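So the structure is just underneath, and the comments pick up after that.
What you are looking at is a predicted structure, and each value in this text was computed from that prediction instead of being measured.
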Amino acid sequence: MAGDTDRRGAAASDEAPGTALNAAERRQLDVIRRFGTVGALLLLLGSLGAGAAPVFNPVLRLPVLSLFSRMTTVSIAVGFTGVFMLVLAWLALGRMTRSARVRVLSLPQMARTLVMWITPLVFTVPSFSRDVYSYLAQSEIAALGMDPYTQGPAQALGVEHPLTQGVPTVWRETPSPYGPLFLSLGRIVNWLTGGHVVWGVAMHRLLALVGLAMIIWALPRLARRFGVNQVGALWLGAANPLVLFHLVVGVHNESLAIGLMLVGFELALRRMPWVGPDGPFPPWQPGELLGYAVGAAVITLGAAVKIPAALALGFLGVMIARRLGGRWKHLFAVAGALMVVFGVVLTAASLGSGLGYGWVATLNTASTIKSWLAPMTALGFAAGGLGMLLGLGNHIDAAVTVSRMVGTLIGPLIAAKLLLDSFRWKLRPLTGLGVALGAVLVFGATVQPWYLLWAAIPLAAAAGDTKFRVAATGVSVVLAVVLNTTGAPFDGRTFQLPYAYIAATITTAIAVLIARKHLLGTASPWPRRRTAAGTGA
């Protein structure tokens with residue numbers, strides 16, 4: 001298909017999974033599943049006292065469970081223990097998905113593992129972030145007939161409104177940065193729940209699970225198309241701790257946006273015939289044109305949730321242009337057609353929601369936060385601080401502004417270069433999409449740990465390279481364990497974090513010692529299969 005993998009590469013991918021696990025390895029898998037499930041249950045318990053609970057917290061009225069809210073340090077320690085255990089279980093599971101093994105985890109076994117780990121997390125108090133309360137407040141503004149793109153929760157609802165009080169102070173005055181489709185869905189959520197915070201959170205988590213289901217559906221199918229181990233793609237892209245912690249527990253709308261983007265990409269490619277750089281380039285196949293239109297429309301719906309999904313249209317366009325012959329006239333023609341689809345669907349979503357195009361002016365709302373996690377913002381802080389040390393005065397704000405302007409140029413330039421390389425058959429377009437999304441977001445004004453998923457999930461389906469897998473695994477582990485579960489700063493309470501980390505580390509070490517025989521893989525050998533280079537992930 002469009003030269004992204006040859007038939008031999010696809011065949012090698014089909015053979016990669018090898019044979020089924022033997023009895024010893026199935027016992028090992030069972031221990032890994034239970035270890036991760038216990039971690040998920042501990043994260044659930046810890047969230048009762050250390051999660052990003054609503055201001056009017058119903059847990060406070062529950063017997064026994066309310067004790068967690070009175071023991072914050074203990075709750076944080078319990079939550080961190082759950083985080084550590086889930087991360088270790090994920091790493092152990094990853095060893096069973098490597099293509100070089102003789103016996104590899106199957107897709108159904110991976111799916112059942114995901115269900116076991118996700119089920120307890122569905123019932124957690126939102127953790128790691130308070131964004132879901134912003135979703136509820138901004139959707140309520142839209143439900144009341146006001147414009148969430150011009151007013152923040154404090155102005156529209158009032159500072160005493162229960163939904164406003166759940167929004168972090170820094171976001172109470174800012175308009176919504178989310179697309180019209182997401183706010184339309186949020187308006188339905190608020191209508192169904194009557195503005196009830198707990199039920200509203202539950203409904204938004206359901207939307208996040210729908211998005212995760214789309215990711216799980218699309219990942220192995222895209223991986224198969226690009227000659228990548230399907231189980232490995234699902235492990236890195238869907239079972240990733242960042243997915244579990246930030247899309248399921250944190251209830252971020254990235255789940256819905258990325259899910260729609262990947263499903264659209266898969267739907268568009270279903271009828272695309274295989275072609276190489278030198279052809280042959282067959283005529284249109286039955287249903288092929290319709291598939292491209294439907295796929296592009298679904299991707300655009302993802303952009304109507306969060307705009308970064310729109311970048312996928314560029315790389316889809318490259319694949320279609322290459323399939324037609326790979327000339328510049330094909331690229332321009334396809335780009336024009338996709339722009340029409342994008343414009344029609346986005347206009348329908350904007351006008352159909354009754355919100356119009358106000359979302360265009362609020363896309364940069366997140367830049368009001370100056371976070372050290374954003375490399376360009378950190379560079380601005382460093383430059384401004386250096387200026388102060390040299391006696392040049394306090395120019396930190398100016399330095400941050402300039403560095404962010406440079407970043408807004410670097411990210412799109414990298415994306416454009418990746419588009420060009422993909423068009424010239426130097427790069428798999430889905431790989432280019434993942435790297436381009438990562439570049440645009442990393443060089444953006446604000447970076448959050450869950451932003452990594454925009455890059456990691458597409459790359460899991462296209463970049464089966466071992467070096468990428470190792471790098472993505474390392475980054476995922478680091479980002480998974482550094483963010484505290486409360487979703488709030490610890491001003492004046494920083495002493496709690498060291499105690500919680502130490503307690504969680506000791507508890508996790510004891511758990512590992514108990515389960516080490518299977519968790520660390522000492523119960524059975526890990527034979528490697530002799531394969532030709534490039535046949536696995």
Please step through side-chain hydrogen bond (donor to acceptor under 3.5 Å, both in side chains) for the pair Arg469 and Thr97, ending with a clear verdict. CA-CA 12 Å; Arg469 178 175 165 128; Thr97 67; 2.9 Å; yes
Would you find a donor on one side and an acceptor on the other, under 3.5 Å apart, between the side chain of Arg95 and the backbone of Leu91? no
Note: Arg225-Glu266 ion pair, threshold 4.0 Å (strictly below): yes
Does the Ser353 side chain pair with the main chain of Ser350, one donor and one acceptor, at a distance under 3.5 Å? yes
For residues Thr164 and Glu140, determine if any side-chain heavy atom of one lies less than 4.5 Å from a side-chain heavy atom of the other. no
In this structure, CD1 of Ile457 is separated from CG of Leu437 (nearest 0.5 Å) by 10.5 Å
Criterion side-chain contact (heavy atoms from CB on, under 4.5 Å) on Leu355 and Tyr149, from CA distance to verdict: CA-CA 8 Å; Leu355 300 173; Tyr149 297 127; 3.8 Å; yes
Euclidean distance, Asp147 CG relative to Trp359 CH2, rounded to 0.5 Å: 13.5 Å
Do the side chain of Trp454 and the main chain of Gly434 share a donor and acceptor less than 3.5 angstrom apart? no
So Leu483 and Leu479, do their side chains get closer than 4.5 Å, heavy atoms only? no
Any side-chain heavy-atom pair of Leu185 and Val189 under 4.5 Å: no
Ring center gap for His204 and Phe182 short of 6.0 angstrom: yes
Is there a side-chain hydrogen bond (donor to acceptor under 3.5 Å, both in side chains) between Thr377 and Arg404 once you walk through the steps? CA-CA 6 Å; Thr377 300; Arg404 283 180 166 185; 3.0 Å; yes
I need the Trp171 CH2 to Thr174 OG1 distance, nearest 0.5 Å. 5.5 Å
Sequence neighbours excluded, the answer for salt bridge (charged side-chain N to carboxylate O under 4.0 Å, His left out) partners of Glu254 is Lys306
Using the benzene-type ring in the case of Trp, are the ring centres of Tyr135 and Tyr178 under 6.0 Å apart? yes
Does Pro126 offer a backbone N or O that forms a donor-acceptor pair with the side chain of Thr124 under 3.5 Å? no
So how far is it from Leu114 CG to Gln109 CD, rounded to the nearest 0.5 Å? 12.5 Å
One pair to check against side-chain hydrogen bond (donor to acceptor under 3.5 Å, both in side chains): Asn190 and Ser139. What are the steps and the verdict? CA-CA 7 Å; Asn190 284 34; Ser139 299; 4.6 Å; no
Closest heavy-atom pair and its distance - Leu338, Leu313: CD1-O, 3.4 Å
Could you measure the distance from the CG atom of Leu209 to the CG atom of Leu247? Nearest 0.5 Å is fine. 10.0 Å
Using the side chain to side chain contact (heavy atoms under 4.5 Å, CB included) rule, pick out the option among Leu43, Leu42, Thr508 that qualifies with Phe84. Thr508
If the test is side chain to side chain contact (heavy atoms under 4.5 Å, CB included), which one of Val228, Leu234, Asn229 qualifies with Val231? Asn229
Mark yes when over 12 heavy atoms from residues, nucleotides or ligands other than Arg34 sit less than 6.0 Å from its CZ; otherwise mark no. no
Leu207 versus Asn253: any side-chain heavy-atom pair under 4.5 Å? no
Should the heavy atoms of other residues, nucleotides or ligands under 6.0 Å from CZ of Phe123 be counted, would the total exceed 12? no
Value for CG (Leu183) from CD1 (Ile141), rounded to nearest 0.5 Å, stands at 9.0 Å
Are Trp235 and Trp90 close enough that their ring centers fall under 6.0 Å? yes
So do Val447 and Leu452 actually touch side chain to side chain, heavy atoms under 4.5 Å? no
Do Thr507 and Phe80 have side chains that approach each other closer than 4.5 Å (heavy atoms only, starting at C-beta)? no
Considering only heavy atoms from C-beta outward, does the side chain of His252 approach that of Ile258 to under 4.5 Å? no
Hey, does Leu93 have a side-chain heavy atom less than 4.5 Å from the side chain of Leu29? yes
Flag, side chain of Arg205 to backbone of Val248, donor-acceptor distance under 3.5 Å: yes
Donor-acceptor contact present, side-chain Thr446 to main-chain Gly444, <3.5 Å: no
